[in-house]
Amino acid sequence: MHLECRFFATYRAIVGQKSLDREFPDGATVAEVLSTLETAYPDLEAQLLDEDGTIRPQLSILKNGRDVTHMEGGETPLEDGDSLSVFPPVAGGASGVR
Amino acid sequence: MSDLNLDPTQLDRYSRHIIMDDVGPEGQKALLDADVLVLGAGGLGSPIVQYLAAAGVGRLGIADDDVVERSNLQRQIVHADADVGRPKVESAAEFVAELNPDVTVDAHETRVTADNVDELLADYDFVVDGSDNFETRFLVNDACTLAGVPFTHGAIYRFEGQITSFTEGQPCYRCLFPEAPPAGEIPDCSEAGVLGVLPGTVGCIQATETVKWILQDAGLAPEADTLDGRMIFYDAMAMTFEDVPVQPDPDCPVCGDDPAISSVQDVEYVETCAIGAD
């Protein structure tokens, strides 16, 4: 199946682009796709999933614009044509003093 | 209009507000009677303070413990070259005094901490978070959510901005991000850089949210739709605004069904802002 993976803030720099279109095995879950991405981009290792394979609490993953926390989390199934967005919180207020 | 106690100078100053049905003299009076706390007098705080002061928000608290540096002036437009070295709250308060004599400024030259946040919030109707670090952001979320104080959140990174608002009974920031990233994982503006005009756009949206909340609280602007329950992602490079729904998380440690945080004293506001080990 074909997925659009979208990256925000720090993840853009790691992946080197805002989004990528990529083939994944049919029926892959969110966690499986994130694990594949961690393997494909070594700098993403341990950035998306905790050691137990759950989504890290410091980021949000959206399937077609909705937080997968309110679906089945990492077990949320994906379908051909879905969009998966990966975004972290950012804190900047542009003081830049510290 | 006479019973709303706006003097002739105010009727002139705020005439473009007053002629609109969604504001009118009642809305302008509500703005003049409002007490708003702005956290941070930096890139976000600058346009927030400027527009809220121009709009006639009667009492503005400004909290910041920094001094103006020359590298701030590329985006922190409330400060000028001659202000380098001065406390930001002092410089911002001076700007407001010159802009609008209707506005009283409370200059809080302090860092917002778990020890002073509740006392700070107690005096205000609405909070605008323009702080610059995760510790303060999670602290503000927790304190405002627990106290039922509505607030708007804006944050920036290079060419990107995130903006949302929170009111009682709606999802909070921890519904979206339960914990802060470990220190160093997300670079701040001094490390990552930031487009100078970016906080202007984001701060203006936060100021807009503040004005709308004040009008709605006064029973005006019935069609206003604030950012409660959704977050805007602004990409200045692509010039796109995306709207992402924020849903309540039943497992949220602050506003969930069985919250673990009942006081800011329950949390260590360092590193990931997780609940204290004990």
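A note on names: the letters A, B, ... follow the listed sequences, proteins ahead of strands, and every chain is numbered from 1.
Using a distance-only test at 3.5 Å, with no hydrogens or angles considered, a donor-acceptor pair links the side chain of B/Q162 to the main chain of A/P88.
Side-chain rings of A/F87 and B/Y157 stay apart, their centers remaining 6.0 Å or farther from each other.
Residue B/A238 touches chain A through both its backbone and its side chain, counting heavy-atom pairs closer than 4.5 Å. Within the 4.5 angstrom heavy-atom criterion, only side-chain atoms of B/D235, from C-beta onward, approach chain A. For a residue to count as touching a neighbouring chain, one of its non-hydrogen atoms must lie under 4.5 Å from one of that chain's; by this rule A/S60 touches chain B with backbone and side chain alike.
Annotation: side chain of B/L176 is in contact with side chain of A/D67 (closest heavy-atom distance under 4.5 Å). Side chains of B/D249 and A/T69 form a contact here, defined as non-hydrogen atoms less than 4.5 Å apart. Taking the side chain as every heavy atom from C-beta outward, B/Y173 and A/P89 approach each other to under 4.5 Å.
Atom CG of A/D21 is surrounded by more than 12 heavy atoms from other residues, nucleotides or ligands within 6.0 Å. For B/M237, the CE atom counts as loosely surrounded, since its 6.0 Å shell holds 12 or fewer non-hydrogen atoms of other residues, nucleotides or ligands. Other residues, nucleotides and ligands place more than 12 heavy atoms under 6.0 Å from the CD atom of B/Q74. Residue A/E72 qualifies as enclosed at atom CD: its count of foreign heavy atoms under 6.0 Å is above 12. Other residues, nucleotides and ligands place more than 12 heavy atoms under 6.0 Å from the CZ atom of B/F233.
Between B/R137 and A/A91, the shortest heavy-atom distance links the atoms NE-O, 2.8 Å. In this structure, A/V90 and B/A155 approach most closely via the heavy-atom pair O-CB, 3.0 Å.
The CD atom of A/Q58 sits 5.0 Å away from the CD atom of B/E179 when rounded to the nearest 0.5 Å.
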task = Take A/L62 and B/V244 through the test side-chain contact (heavy atoms from CB on, under 4.5 Å) and record every step on the way to the result.
result = CA-CA 9 Å; A/L62 309 179; B/V244 172; 3.5 Å; yes
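For residues 2-19 of chain A, the interface with chain B (any heavy-atom pair closer than 4.5 Å) comprises A/R6, A/F8, A/A9, A/T10, A/Y11, A/R12, A/A13, A/K18, sorted by residue number.
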